[in-house]
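Down below is the structure, laid out as structure tokens.
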Amino acid sequence: MKLSEYFLPTLREDPAEAEAVSHRLMLRAGMIRKLASGIYSWLPMGLRTLRRVENIVREEMDRAGALEVLLPLVQPAELWKETGRWDNFGKELLRFKDRKEHDFCLGPTHEEVITDLVRREVRSYRDLPLILYQIAPKFRDEIRPRFGVMRAREFLMKDAYSFDADEEGLNRSYEAMYEAYQRIFSRCGLRFRAVLADTGAIGGSESHEFMVLAETGEDRLALCEACGYAANVELAESKKEFSYPEEKERPLEKVATPGVKSVEEVAAFLGVPPSKLVKTLLFRAGGEVVAVLIRGDLELNEVKLRNLLGVPEVEMADAETVKRVTGAPVGFAGPVALSGVRILADLSVRGLRNFVTGANEADAHLVNVNYGRDFPEPEFYDLRVVSEGDPCPRCGRPLAVTRGIEVGHIFKLGTKYSEAMRATFLDREGKERPLVMGCYGIGIGRTVAAAIEQNHDHAGIIFPREIAPFEALILTLGPEAELMEISERIYHTLNSSGVETLWDDRDERPGVKFKDADLIGIPFQIIVGRRFKETGRVEVKERSTGQREDLLPEEVVKRLQGSA
RNA sequence: CGGGGCGUAGCGCAGUCUGGCAGCGCACCUGCCUUGGGAGCAGGGGGUCGGCGGUUCAAAUCCGCCCGCCCCGACCA
């Protein structure tokens, strides 16, 4: 393509609406434009990148034996009622009525549709295993869309579903998808890790997330260099032993702490370390309110709490509930004389003596609190978020905590959906059994954003070669016929040799072309300018390293093909 | 949904406190000039100041309601 005939609206300045690096760069590089909150158009340069990722995904899915389908975005409520998700999926599910007043929704995921399809067509174990996938838009009415296409409401996703006769079959399908994912993200040129993950709302027994490592990631990962253990921090088990020196129980005392609420404030006010405080956190879980105790300097893990309680959701109690349960405003809750709620405690509290808690009254805390004496000994569980340096749950060596962007997630679903929707087959003995399912997602647009998040510098994007919109960009630094002619020759030679090349033939000054070239991140820049007039050589600059080589025009093709 | 912030030309912003001609830079159009890191000169086009209502001789500016967007938290590919 000639840039003079292309559609590449680059921005010189950062758009005010974008904070995240990838979001900023995608807007500036003319890859995307926003239509509404969380809803984006992909422009030619962005779409080419998206397609590169999509094609890698497609190739690897096909290689793994999965079959491509295309499922409807608009789905009837009836299917969702069968699994119960019409009522409990939450507001992310955008529901609406058609002209005949029938309920429909925009598909946020396609378990229902695919299960419906398969139950109609698959009867026998002979039809199994079956893995179907699609690459198609999804819609989730996210509470807060963020970071451009990273967390959009409408987004392109690859979702695959496996159907097997039994658990072993599921394990094989899961393994095949796991391998495919490894290949996909490697081919995309990304630094990533597969980590153990919580199954969340989708449900199921086992799950891995594929995380692109980036400081700006929204998830935290616990990694062990020694044994390879890798888990989302949400479910990484804490093996840290808490032991405290023997200490005599001192008399309980109430102290006035006017307006002093947060752990930091209370610790500073009383002149004790935050580790001498015990936070009392109130949660709504199912119908009940539970109080959770954890040492002041540690972080509670809501996923562990949710799984422990066996409820689909826990949420922090609102101010009104806190007031009703404790009799005090938020910030002064404590376990002493707290009645009517179940009290759980993190293991970090076991053995702790003479600690500080809220007094369940405004502007007051208790010091020298001891469980067993001042309130009944609570149930102790592992409820904290692991932190850097904690012992690895598998080998005991210190864990590292790092950040990642979730680009893929695979689940063993089991028979959750097949049972709810009566998707069954006849086994070898002629017995009817539910299909054993798995599901496997990849955020295509998010992968593009994550790649940029991981590969950029102050000047712009540095695309990994495998997903770059073009491989080479010719910059012609002047209008002279001599330069245009040689540029055009290189342009045709490259494109006809299979090196996808964009030619900046615009009537722009060199500075503009250099800036745009660095911004859009095409791996190789072929610079045709003064140097050519002087020496008959053009310059090939590698975007990722900044290295430049002077080559004769006829050497360029070989150079670019050679480094493939 | 809770907390914070923003809405003025395509983009980035000033002007709002203290009401009085709607501005600046970039981009865009024309001409000249220029061509190795976002040139220069001259001329030019472009605005329901987010919307509706109110106060006032007069509203971008004050008041009320509404809408949109961004950032921080709970959700997810």
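What you see below is based on every heavy atom in this structure, not just the backbone, and it leaves out hydrogens, waters and symmetry mates. Throughout, protein chains are lettered first and strands after them, A, B, ... in sequence-line order, and every chain is numbered starting at 1.
Remark: A:E54 engages A:R51, A:R58 in a salt bridge (charged side-chain N to carboxylate O under 4.0 Å, His left out) (not counting sequence neighbours). Residues satisfying the salt bridge (charged side-chain N to carboxylate O under 4.0 Å, His left out) test with A:R48, not counting sequence neighbours, are A:E500. In this structure, the salt bridge (charged side-chain N to carboxylate O under 4.0 Å, His left out) partners of A:E480, at least two apart in sequence or on a different chain, are A:K533.
Mapped onto RNA chain B by nearest heavy atom, A:T10 and A:R446 fall at different nucleotides, with A:T10 at the one closer to the 5' end. Between A:D518 and A:E209, the residue whose closest nucleotide on RNA chain B is further toward the 5' end is A:D518.
With both ends at atom P, the span from B:rC57 to B:rG51 equals 24 Å, rounded to whole Å. Distance check on atom P: B:rA27 versus B:rA22 gives 27 Å, rounded to whole Å. Atom name P, nucleotides B:rA59 and B:rC21: the rounded distance is 12 Å, in whole Å. Between B:rU8 and B:rC49, the distance separating the two P atoms is 11 Å to the nearest Å. When the P atom is compared between B:rC17 and B:rC6, the two are found 15 Å apart, to the nearest whole Å. Taking atom C1' in both B:rC70 and B:rG37, the straight-line distance is 32 Å, to the nearest Å. Between B:rC26 and B:rC41, the distance separating the two P atoms is 9 Å to the nearest Å. The gap from the C1' atom of B:rA58 to that of B:rC69 amounts to 32 Å, rounded to the nearest Å.
Following rounding to the nearest Å, A:E218 (CD) and B:rC75 (C1') show an atom-to-atom distance of 10 Å. Rounded to whole angstrom, the span from the CG atom of A:D507 across to the P atom of B:rA27 amounts to 14 Å. Distance CD1 (A:I410) to C1' (B:rA77): 13 Å, rounded to an integer number of Å. A:N232 has its CG atom 13 Å from the C1' atom of B:rC75, to the nearest Å. Atom CG of A:D516 is separated from atom P of B:rA27 by 12 Å (rounded to the nearest Å). Summarising the geometry, the separation between CZ on A:R506 and P on B:rG38 is reported as 14 Å, rounded to the nearest angstrom. Remark: C1' of B:rA27 and CG of A:L8 are 15 Å apart, rounded to the nearest angstrom. Atom CG in A:D198 sits roughly 14 Å away from atom P in B:rA74 (whole-Å rounding).
When heavy atoms are screened at a 4.0 angstrom cut-off, A:F283 is found touching no nucleic acid atom at all. Across all strands shown, A:V407 has heavy atoms under 4.0 Å from sugar-phosphate atoms exclusively, and none from any base. Within the 4.0 angstrom heavy-atom criterion, base atoms lie near A:I527. Counting any heavy atom pair closer than 4.0 Å across all strands shown, A:G511 reaches sugar-phosphate atoms only and no base atom. Residue contacts for A:K541: at a heavy-atom cut-off of 4.0 Å it reaches a base atom on one of the strands shown. Within the 4.0 angstrom heavy-atom criterion, no nucleotide atom of any strand lies near A:P9. Base engagement by A:G529 is indicated by at least one non-hydrogen atom pair under 4.0 Å involving a base atom. Looking at heavy-atom distances under 4.0 Å, A:A152 makes contact with a base. Residue contacts for A:R33: at a heavy-atom cut-off of 4.0 Å it reaches no nucleic acid atom on any strand shown. Residue-level contact check: A:D219 touches the bases, meaning some heavy atom is under 4.0 Å from a base atom. Across all strands, A:R28 comes closer than 4.0 Å to base atoms (heavy-atom distances). Contacts of A:K34 with the nucleic acid, taken as non-hydrogen atoms under 4.0 Å apart, involve only primed sugar atoms and P, OP1 or OP2. Across all strands, A:E142 comes closer than 4.0 Å to base atoms (heavy-atom distances).
Side chain A:R144 to base B:rC1: no donor-acceptor pair is found below 3.5 Å.
Of the possible donor and acceptor atoms, one in the side chain of A:K304 sits under 3.5 Å from a partner among the backbone N and O of A:A236.
B:rG68: Watson-Crick or G-U partner is B:rC6, with both key distances under 3.5 Å. Across every strand in view, B:rG53 sits in a pair with B:rC63 that passes the Watson-Crick or G-U test at under 3.5 angstrom. Pair assignment for B:rA27: none, as no Watson-Crick or G-U wobble contacts are both less than 3.5 Å.
Salt-bridge formation is not detected for the pair A:D141/A:K91: no Lys NZ or Arg NE/NH1/NH2 atom is positioned less than 4.0 Å from an Asp or Glu carboxylate oxygen. Under the 4.0 Å criterion applied to side-chain N and carboxylate O atoms, A:R187 and A:E466 are not assigned as salt-bridge partners. Look at A:E218 and A:R403 and you find no salt bridge, because none of the NZ, NE, NH1 or NH2 atoms lies under 4.0 Å from a carboxylate O.
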Detail all sub-3.5 Å separations between protein N/O atoms and N/O atoms belonging to nucleotides 5-13 of chain B.
from   : atom 1 : to    : atom 2 : distance (Å)
B:rG12 : OP1    : A:A16 : N      : 2.7

Quick test: give all pairs of protein nitrogen or oxygen and nucleotides 28-32 of chain B nitrogen or oxygen below 3.5 Å, distance rounded to 0.1 Å.
none

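Side chains of A:N301 and A:E234: no donor on one and acceptor on the other come within 3.5 Å.
Put simply, the residue from A:Q525, A:E549, A:Q547 that forms a side-chain contact (heavy atoms from CB on, under 4.5 Å) with A:K541 is A:Q525.
Under the stacking criterion of a centre-to-centre distance below 5.5 angstrom and an interplanar angle below 30°, A:F514 is not stacked against the six-membered ring of B:rG36.
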Which pairs would a plain distance check flag for residues 440-447 of chain A, meaning a side-chain donor or acceptor within less than 3.5 Å of a matching protein atom at least two apart in sequence or in another chain?
from   : atom 1 : to     : atom 2 : distance (Å)
A:Y440 : OH     : A:S162 : OG     : 2.7
A:R446 : NE     : A:M150 : O      : 2.8
A:R446 : NH1    : A:E406 : O      : 2.8
A:R446 : NH2    : A:M150 : O      : 3.3
A:T447 : OG1    : A:G443 : O      : 2.6

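Relative ring orientation between A:F411 and A:H409 is described as parallel, the plane-to-plane angle staying below 30° on a 0-90° scale split at 30° and 60°. Using the six-membered ring where Trp is involved, A:F470 and A:Y6 have ring planes that are perpendicular, over 60° apart on the 30 and 60° scheme.
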